[in-house]
Amino acid sequence: MELTHRHRRLRTTQTVRDLVAETSLSPRQLIVPLFIVEDTEKELSIPSMPGYLRIRFSGIEKELQELTELKLKTVLLFVKAADELKDNTGKEALNPDGLMQRAIRKIKAFDQSITVMTDVALDPYSSYGHDGIVANQQIVNDPTVDVLMRMSVSHAEAGADFVAPSDMMDGRVSYIRKALDEKGFINTGILAYSAKYASCYYGPFRDALDSAPGFGDKKTYQMDFRNSEESVKEALTDVDEGADMVMVKPAGAYLDIIHRVKQNVHVPVAAYQVSGEYAQIKAAAEKGWLNHDAAMMESLFAIRRAGADVIATYFAKEYARIYYASGTIS
Ligand code: PBG
């Protein structure tokens, strides 16, 4: 046959494929979410997140050692607060000796060069399991922002490099920025969860931290999955208000959103491959229905290809191990 175009030439060998591959993913671009629990916690495993363990306060250094060996240098912290510390004001979130604040200090003492990011939202501390303060069955915006500002300052005082508000309250980025600056934390950054959808994919995470909403759902603050336009509006607003990076969450079912947001902002775009995305791949692999490593790779590269500069993922360690073992994926 006389063919002008033989597209397959660029796919003939692994070397050629590697030569022209458009997308790469280095462990330096990964954020490792960590679930920190008190030493009294009996159970570390999370049934809906096979292979992902909660970390006891006293086990933090060991985990960091492993991450360091894999050159994973950025962590995103979540804590599980005891039930008796939960209320409707989020006061434990401000406790200078709270689990979060102690964990930040411990990580920074272990290695100052680890970038510590912290989740800022009230759900682990809320007796209602909501991200904000509740009044008359409503999650009230402005009083919540007031606590989030103080919570962010408290994390910065403990040594956090970036605070990551995941609450989806309006105006929180500008107020957090102002609060940080007023206290002199001009170099503490803000990674804003800008386009965070109300998603069933957070289910396993809520098991991990025992933080499921006690009533209703999160649809009055997290975004409607039928929408795309407002992801751009949210991201632009957060950048205007001072966000250093924006995040899209979840990732895998929202690749179009990652792509749109990336085209519309001039700050790094992060994507969060959330607990349910991890659980899906683990479950299918356990059943022998998907090849685990191949599904993990494909999902992560799809997120990168869509436009994510940075990816938060529970696969970080597994990805890094494969990355260093093989020369062909980077
Ligand atoms: C808390 C928060 C959630 C996640 C990150 N921060 C849960 C939620 O909003 O209900 C989900 C992460 C995951 O599922 O991996 N505001």
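Quick note: numbers below take in every heavy atom, side chains included, and nothing from hydrogens, waters or symmetry partners. Each ligand, and each atom within it, is numbered from 1 in the order the structure gives.
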Salt bridge (Lys or Arg N to Asp or Glu O under 4.0 Å) assessment of E61 paired with K106: CA-CA 8 Å; E61 285 93 344; K106 194 174 219 208; 3.1 Å; yes
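- Ordered by chain and residue number, the residues placing a heavy atom less than 4.0 Å from ligand 1 are F78, D119, A121, D123, D131, S166, K196, Y201, Y202, F205, R206, K218, Q222, K249, Y272, V274, S275, Y314.
- Note that K218 lies outside the cation-pi zone of Y221, set by a 6.0 Å cut-off to the ring centre and a 45° limit from the axis.
- Counting only N and O atoms by type, the side chains of D97 and Q101 include no donor and acceptor under 3.5 Å apart.
- Figure legend: cation-pi geometry between K196 and Y272 absent, as NZ or CZ is not positioned both under 6.0 Å from the six-membered ring centre and within 45° of its axis.
- Among N264, I257, D309, the one residue that satisfies the side chain to side chain contact (heavy atoms under 4.5 Å, CB included) test with V269 is D309.
- With sequence neighbours left out, R6 forms a side chain to side chain donor-acceptor pair (under 3.5 Å) with no residue at all.
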